[in-house]
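Only heavy atoms go into these numbers, but all of them, side chains included; no hydrogens, no water, no symmetry mates.
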Amino acid sequence: MNADSAFSRISPARLRSGWGVKWGSVPADTIGAWVADMDFGIPGPVRARIVECTEREDFGYPFWRGEDPVITAFEQRMSSHHGWQPAPGRTRVFTDLIQVLQVVIEHATKPGDGIALHVPNYPPFLASIERSGRRMVPIPMLYGDGGWRFSPDNLAERLRTAGCRLMLLVNPHNPTGRVFRRDELLVLAEVAEQLDLIVLSDEIHADLVYPEHKHIPFAALGDGIAQRTITATSATKAFNIAALRCAVMHVGPDSVKSTLDAAPLDYFGTPSILSRVATVAAWNESDGWLDGLMKTLENNRTTINDWIPAGSRYHAPESTYLAWFDLPGIDLPAARLLREAKVMLSDGAEFSEGTTVDTSSFVRLNFATSPDTLAEILDRISRASPSLARRPNR
């Protein structure tokens with residue numbers, strides 16, 4: 001199958017028949033366009049390496065000579081694709097970024113501490129902070145002529161007053177799709193240095209940045225900020241292997257590294273050999289597949305840009321395959337569209353739950369699907385909501 005055909009059509013029957021939650025949890029007449037995985041398959045090299053491992057029946061205790069191949073692949077990719085060279089000996093392998101956040105919370109903060117983060121934000125991160133007994137300190141994302149931004153005004157004082165000890169940066173940002181510019185990152189770095197904050201930078205969407213934008217790893221801003229930054233990422237988002245569960249965490253702060261090193265052996269568990277094999281194949285061998293994916297995502301993004309209703313707060317995502325917008329005049333839009341349009345989108349209210357920010361009028365639409373399926377999704381939304389006037393093409 002060539003790269004174009006791999007993304008030009010999908011099989012809903014295949015997607016409904018397996019264990020995936022995106023389509024498997026919705027009724028047969030409903031299209032799943034919510035949770036952030038893709039309707040496409042996986043890169044050929046990932047499949048080939050998994051099959052090789054299976055045919056060897058290579059499921060004993062793993063062993064590799066030298067450094068963990070996942071860590072080597074991570075370090076090489078950060079250097080070759082994102083212009084940052086991780087410091088040696090400071091990377092650990094985990095199962096996913098939610099686990100990384102929970103580990104960092106326990107090792108870098110104490111109950112009652114504030115954790116600053118941009119809101120709206122990924123709902124499992126909000127839940128992890130709340131359930132850990134820490135306090136969310138929102139940095140609101142504000143909509144304006146230039147899209148989604150945060151205000152730097154008095155930011156350090158706001159976070160100091162709130163008792164922040166950790167800053168959680170999601171860049172590229174989920175759900176708005178923003179790729180923060182260098183000047184914005186430098187504002188956050190200055191605040192972190194003023195308040196002596198540790199920064200956990202979730203960069204899982206870094207490989208899904210559109211050509212007119214550039215991802216800058218937070219730790220690449222300078223040696224000083226690198227020493228207080230924990231970088232977390234994974235191949236799972238860009239290469240569609242979320243269920244394989246493999247992530248990495250590069251630990252800049254000596255204090256956190258020391259507490260992690262002192263933890264009991266195997267306390268944090270370890271990903272399987274298949275997840276490691278798939279991750280290495282994704283990062284080292286699958287850029288051709290990723291190029292084809294990005295062309296499809298760019299075209300789908302244009303389709304949404306042309307469709308988006310007039311008056312909606314929306315800005316074309318600069319990364320990710322997620323469109324974040326509100327639907328004026330529609331109460332509880334996700335629930336209504338599920339009921340009336342038979343399309344399941346992510347409920348915007350979940351992206352600010354537990355904070356003072358109100359995102360209940362928003363939805364998040366996952367457009368990592370075939371062009372035909374996206375057209376059907378948008379048509380269903382339009383037919384269920386005839387009051388929505390189309391925004392003039394920009």
Roughly how far, to the nearest 0.5 Å, is [atom2] of [Y] from [atom1] of [X]?
X: R301; Y: L297; atom1: CZ; atom2: CG; answer: 9.5 Å
X: N240; Y: L293; atom1: CG; atom2: CG; answer: 8.5 Å
X: S25; Y: W19; atom1: OG; atom2: CH2; answer: 13.5 Å
X: N121; Y: M136; atom1: CG; atom2: CE; answer: 9.5 Å
X: F268; Y: Q102; atom1: CZ; atom2: CD; answer: 11.5 Å
X: N300; Y: S370; atom1: CG; atom2: OG; answer: 8.0 Å

Heavy atoms from other residues, nucleotides or ligands near [atom1] of [X] exceed 12 (cutoff 6.0 Å):
X: D29; atom1: CG; result: yes
X: D266; atom1: CG; result: no
X: R339; atom1: CZ; result: yes
X: D291; atom1: CG; result: yes
X: E57; atom1: CD; result: no
X: D223; atom1: CG; result: no
X: E353; atom1: CD; result: no
X: R182; atom1: CZ; result: no

Tell me if the centroids of the rings in [X] and [Y] come within less than 6.0 Å of each other.
X: F325; Y: F362; value: no
X: W289; Y: F7; value: yes
X: H118; Y: F180; value: yes

task = May I have the step-by-step check of salt bridge (charged side-chain N to carboxylate O under 4.0 Å, His left out) for D261 and R90, ending in yes or no?
result = CA-CA 10 Å; D261 290 344; R90 305 190 79 95; over 6 Å; no
request  = Just do the side-chain contact (heavy atoms from CB on, under 4.5 Å) check on L142 and S151 with the steps written out, would you?
outcome  = CA-CA 8 Å; L142 308 172; S151 173; 4.1 Å; yes
Are the side chains of [Y] and [X] in contact, using a 4.5 Å heavy-atom criterion?
X: L197; Y: L166; result: no
X: P317; Y: T176; result: no
X: V100; Y: L200; result: yes
X: V46; Y: I50; result: yes
X: N171; Y: H215; result: yes
X: I204; Y: V170; result: no
X: R149; Y: R181; result: yes
X: H205; Y: L208; result: yes

ask   = With sequence neighbours excluded, what pairs up with E350 under the side-chain contact (heavy atoms from CB on, under 4.5 Å) test?
value = P123, D347
query = Which residues satisfy the side-chain contact (heavy atoms from CB on, under 4.5 Å) test with D196, sequence neighbours excluded?
reply = R165, R228
Ignoring hydrogens, what is the shortest heavy-atom contact between [X] and [Y]? Give both atom names and the distance.
X: H250; Y: A87; value: NE2-N, 3.1 Å
X: W23; Y: G32; value: NE1-O, 3.7 Å
X: T30; Y: R16; value: O-NH2, 2.8 Å
X: T231; Y: W84; value: OG1-CH2, 3.7 Å
X: L185; Y: F218; value: O-CE1, 3.5 Å
X: A235; Y: I241; value: O-CG1, 4.0 Å

[X], [Y]: one ILVMFWY side-chain cluster at the under-4.5 Å cut-off?
X: F367; Y: L290; result: yes
X: M78; Y: V248; result: yes
X: L168; Y: I225; result: no

Taking the side chain from [X] and the backbone from [Y], do they hold a donor-acceptor pair closer than 3.5 Å?
X: S312; Y: I308; result: no
X: E318; Y: V179; result: yes
X: S352; Y: G348; result: no

task = Determine, step by step, whether L188 and M167 satisfy the side-chain contact (heavy atoms from CB on, under 4.5 Å) criterion, reporting the C-alpha distance in whole Å, the side-chain angles of both residues, the deciding distance to 0.1 Å, and the verdict.
result = CA-CA 9 Å; L188 298 175; M167 180 184 294; 4.0 Å; yes
Identify whether the distance between the nearest side-chain nitrogen and carboxylate oxygen of [X] and [Y] falls below 4.0 Å.
X: E340; Y: R383; result: no
X: D202; Y: K237; result: no
X: D39; Y: R9; result: no
X: D113; Y: R134; result: no
X: E298; Y: K295; result: no

request  = Consider only side-chain N and O atoms of T95 and Q99, and report whether a donor and an acceptor are under 3.5 Å apart.
outcome  = yes
query = Side chains of T72 and E67: do they bring a donor and an acceptor to under 3.5 Å?
reply = yes
key: Working for salt bridge (charged side-chain N to carboxylate O under 4.0 Å, His left out), residues D287 and R77   = CA-CA 11 Å; D287 278 345; R77 191 164 191 88; 2.8 Å; yes
inquiry  = Does I10 form a side-chain contact (heavy atoms from CB on, under 4.5 Å) with T369? I'd like the steps, not just the answer.
reply    = CA-CA 7 Å; I10 65 167; T369 191; 3.4 Å; yes
key: Passing option when W324 is tested against Y122, F351, Y314 for ring-ring contact (aromatic ring centres under 6.0 Å, His included)   = F351
inquiry  = R49 vs T54, test: side-chain hydrogen bond (donor to acceptor under 3.5 Å, both in side chains). Steps then yes/no.
reply    = CA-CA 9 Å; R49 300 297 171 247; T54 303; over 6 Å; no
message = Under the criterion side-chain contact (heavy atoms from CB on, under 4.5 Å), I'd like the reasoning laid out for V93 against D68: C-alpha separation, chi angles, the key distance, then a yes or no.
response = CA-CA 9 Å; V93 182; D68 185 327; 3.5 Å; yes
message = One pair to check against side-chain hydrogen bond (donor to acceptor under 3.5 Å, both in side chains): Q85 and S79. What are the steps and the verdict?
response = CA-CA 5 Å; Q85 185 59 60; S79 176; 3.3 Å; yes
ask   = Linking Ile, Leu, Val, Met, Phe, Trp and Tyr by side-chain heavy atoms under 4.5 Å, what else ends up with M344?
value = V21, V26, W34, V35, L338
